[in-house]
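Numbers for residues simply follow the sequence, beginning at 1.
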Amino acid sequence: KKKKKLLLILPNAEVFKTLEARVAALLIPSDFKVDEALNAPVLLDEGKKLCGEAEINTYLDSLEKFTKQWYACRCDMFP
């Protein structure tokens, strides 16, 4: 099975540094590329395609919650 990998495609790397930093901060393998033909950033994740900064940020919020829960110590759950 292929490992999960995010791909963030930016129309301009300079303008969207914040998005790039957010994706890089996730504990998920990711790639970045620039496609100047795009009008807005695009994030691809296993068949999902998210377009635009607002939609991508909302999706990254949910991924951050998931990764924080995944990596949190759950010792309290097991007596």
Engineer: Identify, with sequence neighbours excluded, every residue that meets salt bridge (Lys or Arg N to Asp or Glu O under 4.0 Å) alongside D31.
Structural biologist: K5
Engineer: Measure across L26 and L60 and return the closest heavy-atom pair with its distance rounded to 0.1 Å.
Structural biologist: CD1-CD2, 3.7 Å
Engineer: Can you pull out every salt bridge (Lys or Arg N to Asp or Glu O under 4.0 Å) where at least one residue sits in residues 18-27? Sequence neighbours excluded, please.
Structural biologist: R22-D61, R22-E64
Engineer: Applying a strict under-4.5 Å side-chain criterion to I, L, V, M, F, W and Y, I'd like to know whether L8 and V34 cluster together.
Structural biologist: no
Engineer: Determine whether L50 and F32 fall in the same hydrophobic cluster, where Ile, Leu, Val, Met, Phe, Trp and Tyr are linked whenever their side-chain heavy atoms lie under 4.5 Å apart.
Structural biologist: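 Yes, it is one cluster - the side chains of L50 and F32 are joined through contacts under 4.5 Å.
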Engineer: Please tell me if the side chains of L10 and L38 come closer than 4.5 Å, counting only heavy atoms from C-beta onward.
Structural biologist: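 No - every pair of side-chain heavy atoms lies 4.5 Å or more apart.
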Engineer: Show the nearest heavy-atom pair for residues V15 and N12, with the distance to one decimal.
Structural biologist: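 Shortest heavy-atom separation between V15 and N12 comes out as N-OD1, 3.3 Å.
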Engineer: Should L43 and I9 be counted in the same cluster of Ile, Leu, Val, Met, Phe, Trp and Tyr side chains packed under 4.5 Å apart?
Structural biologist: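 They do not share one cluster, since no chain of ILVMFWY contacts under 4.5 Å joins L43 to I9.
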Engineer: Minimum heavy-atom separation for L63 to L6, with atom names?
Structural biologist: CD1-CD1, 4.0 Å
Engineer: Please say yes or no: joined through hydrophobic side-chain contacts below 4.5 Å, possibly via intermediate residues, are L7 and I56 part of one cluster?
Structural biologist: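 No, L7 and I56 fall in different hydrophobic clusters.
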Engineer: Where is the tightest heavy-atom contact between P11 and F16, given as atom of each residue plus distance?
Structural biologist: CG-CE1, 3.5 Å
Engineer: Give the minimum heavy-atom separation between E53 and P41, together with the two atoms involved.
Structural biologist: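 The pair with the smallest heavy-atom distance is N-CG, 4.0 Å.
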